[in-house]
Amino acid sequence: MTANTSRSTALTGIGTLVTNDPTVGEGPLGLIRDAAVVFDGGVVAWVGSTDAAPAADVGHDLDGRAVLPGFVESHSHLVFGGERAEEFAARMAGQPYAAGGIRNTIEATRNATDEELQANTRRLLDESLRSGSTTVECKTGYGQTVAHELRSTRIAASLTDEVTLLAAHVPPPEYAGRADDYVAMVCSEMIDACAPQAKWIDVFCETGAFDRDQAHAVLTAGMAKGLIPRVHGNQLREGPGVQLAVELGAASVDHVCYTTQADIDALAQSSTVATLLPGADFSTRNKYPDARALLDAGVTVALGADCNPGTSYTTSLPFCIAIAVRDMHMTPDEAIWAATAGGARALQRADVGVLRPGARADALALDAPSYLHLAYRPGVPLVSDVWRGGELAWSAHVGHEKAEALR
Ligand SMILES: N=CN[C@@H](CCC(=O)O)C(=O)O
Ligand SMILES: [Zn+2]
């Protein structure tokens, strides 16, 4: 039995606390006004009103500021080299996004050293921490040889437990016109080598990437090695991705910009989460998903920043929350839930995205009295403090600490 050397911390004077636990507070967000939360041993020990807060070793008076669970980022591509700003500029001049741009990043990633990739991934995790993301899933997908994907999984696994093998991103240059041969290699040597370092298997099911049968082969090969499926689907046009994800019981299907009523009905009757990625649609001038239709049908919706150099070079879930409310007609409450508890559902985690006793002590404070300001004041760095495992991981008031492994 190791001694509990960590000190308990009480955050008091919280103007509005979002718990995401309707049994302890008001409505789906479990809101508590004039609230307090106590962290002890890396987990939430107590939540309630300030005047009933138990004693703790360390106290912080939040002076009326809002506190939320740390954001849960369930969709990011952080292990990459290079950047594609010119491609973005061409898109803004009218050139449509196409999956082919991914090959530019594949070349830059293959040419990068381990140290460069590790440093870039850590830089982006630090950046996402400063905007409140305390859990971050990280995909591979820009290496696409066994050695490069293995390197990418190892780099991701050194920084987060949520590692996704996305070897089936697009057929790499050396397999141009031979997607089936690439799929056969992914389903054998690639997954055999990389599965031990990953938790999830993902595939880009889209024209110019992989069709339904190829995607099915990759996902089922990953599942046979104990990986849990996720799907990039229906991003650029209607397609088989949503139905495939539901058929295989995928944790989530992501993008979901073009859906039929049958897609929405299938999702509503499943446990598959629809993860919306408004940063990608913003940066590619793509159609936003019909979030309202999904939510009104009872689909569980998550929000992700989808940080990657091609479609969405942002780590900011506050930015995505603002777009989700203004352009996708989600209510502020729905958007906040989607970026916290929704992301946790997409990662099948019950210990994050919520502030209830026993949950990880991952939280953020805003320089604002209410979570509504995240949509009301877009583009403003409102996140003032971030706690991970009950420890202050970053504060705008004291300079930021390096984000160690996100466990
Ligand atoms: N659409 C597929 N994959 C990434 C984009 C990858 C890239 O363009 O580099 C996404 O989720 O947006
Ligand atoms: Zn993606």
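We're numbering straight along the sequence, starting at 1.
- Annotation for Gln348: atom CD counts as buried by contact number, over 12 foreign heavy atoms lying within 6.0 Å.
- Under a 3.5 Å cut-off, the side chain of Thr272 and the backbone N or O of Ala250 do form a donor-acceptor pair.
- Here the straight-line distance linking atom OH of Tyr288 with atom CG of Leu277 works out to 12.0 Å at 0.5 Å rounding.
- Within the model, atoms CG of Asp34 and CG of Leu62 stand 12.0 Å from one another, a figure rounded to the nearest 0.5 Å.
- Classification of Glu247 and Arg212 as a salt-bridged pair holds, one side-chain N sitting under 4.0 Å from a carboxylate O.
- Looking at Glu162 and Thr135, their side chains never bring a donor and an acceptor atom within 3.5 Å of each other.
- Between Arg230 and Asp202 there is no salt bridge, since no side-chain nitrogen of the basic residue lies less than 4.0 Å from a carboxylate oxygen of the acidic one.
- Ser312 places a side-chain N or O within 3.5 Å of a backbone atom of Ala305 that can act as its donor or acceptor partner.
- Between Tyr97 and Phe88, a ring centre-to-centre spacing not shorter than 6.0 Å is recorded.
- Ring orientation note: the planes of His75 and His77 are tilted relative to one another, at an angle of 30° to 60°.
- A distance-only check finds a donor-acceptor pair linking the side chain of Ser8 to the backbone of Asp57 [under 3.5 Å].
- At least one donor-acceptor pair closer than 3.5 Å links the side chain of Ser384 to the backbone N or O of Ala365.
- Although no hydrogens or angles enter the test, the distance criterion places no donor-acceptor pair under 3.5 Å between the side chain of Thr340 and the main chain of Pro69.
- The number of heavy-atom neighbours closer than 6.0 Å to CD of Glu238, taken from other residues, nucleotides and ligands shown, is above 12.
- Aromatic pair Phe282/Phe319: centroids less than 6.0 angstrom apart.
- No more than 12 heavy-atom neighbours from other residues, nucleotides or ligands sit within 6.0 angstrom of CD on Glu86.
- Ser74 places no side-chain N or O within 3.5 Å of a backbone atom of Leu347 that could act as its donor or acceptor partner.
- The main-chain N or O of Ser316 is found under 3.5 Å from a side-chain atom of Thr314 such that the two form a donor-acceptor pair.
- A salt bridge links Glu137 and Lys139; the closest N-O separation between the charged side-chain nitrogens and carboxylate oxygens is under 4.0 Å.
- For Asp333 and Thr331, the side-chain atoms include no donor-acceptor pair closer than 3.5 Å.
- Electrostatic pairing of Glu334 and Arg292 counts as a salt bridge here, judged by a charged N lying under 4.0 Å from a carboxylate O.
- For Arg65 and Asp385, the salt-bridge test passes: some basic side-chain N is under 4.0 Å from an acidic carboxylate O.
- Judged by distance alone, the side chains of Gln243 and Asp263 do bring a donor and an acceptor atom under 3.5 Å apart.
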Starting from the C-alpha separation in whole Å, work towards a yes-or-no answer on side-chain contact (heavy atoms from CB on, under 4.5 Å) for Tyr371 and Thr16. CA-CA 8 Å; Tyr371 62 91; Thr16 311; 4.2 Å; yes

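- Taking the six-membered ring for Trp and thresholds of 30 and 60 degrees, His232 and His255 have ring planes inclined between 30 and 60 degrees apart.
- The number of heavy-atom neighbours closer than 6.0 Å to CZ of Arg103, taken from other residues, nucleotides and ligands shown, is above 12.
- Expressed to the nearest 0.5 Å, how far CG of Asp161 lies from CZ of Arg349 amounts to 7.0 Å.
- For the pair Lys287 and Asp281, the salt-bridge criterion is not met [side-chain N within less than 4.0 Å of a carboxylate O].
- Expressed to the nearest 0.5 Å, how far OG1 of Thr284 lies from CG of Leu236 amounts to 7.5 Å.
- With values rounded to the nearest 0.5 angstrom, Thr164 atom OG1 is found 9.0 Å from Lys199 atom NZ.
- By the 30° and 60° cut-offs, the orientation of the rings of Tyr142 relative to Phe80 is perpendicular.
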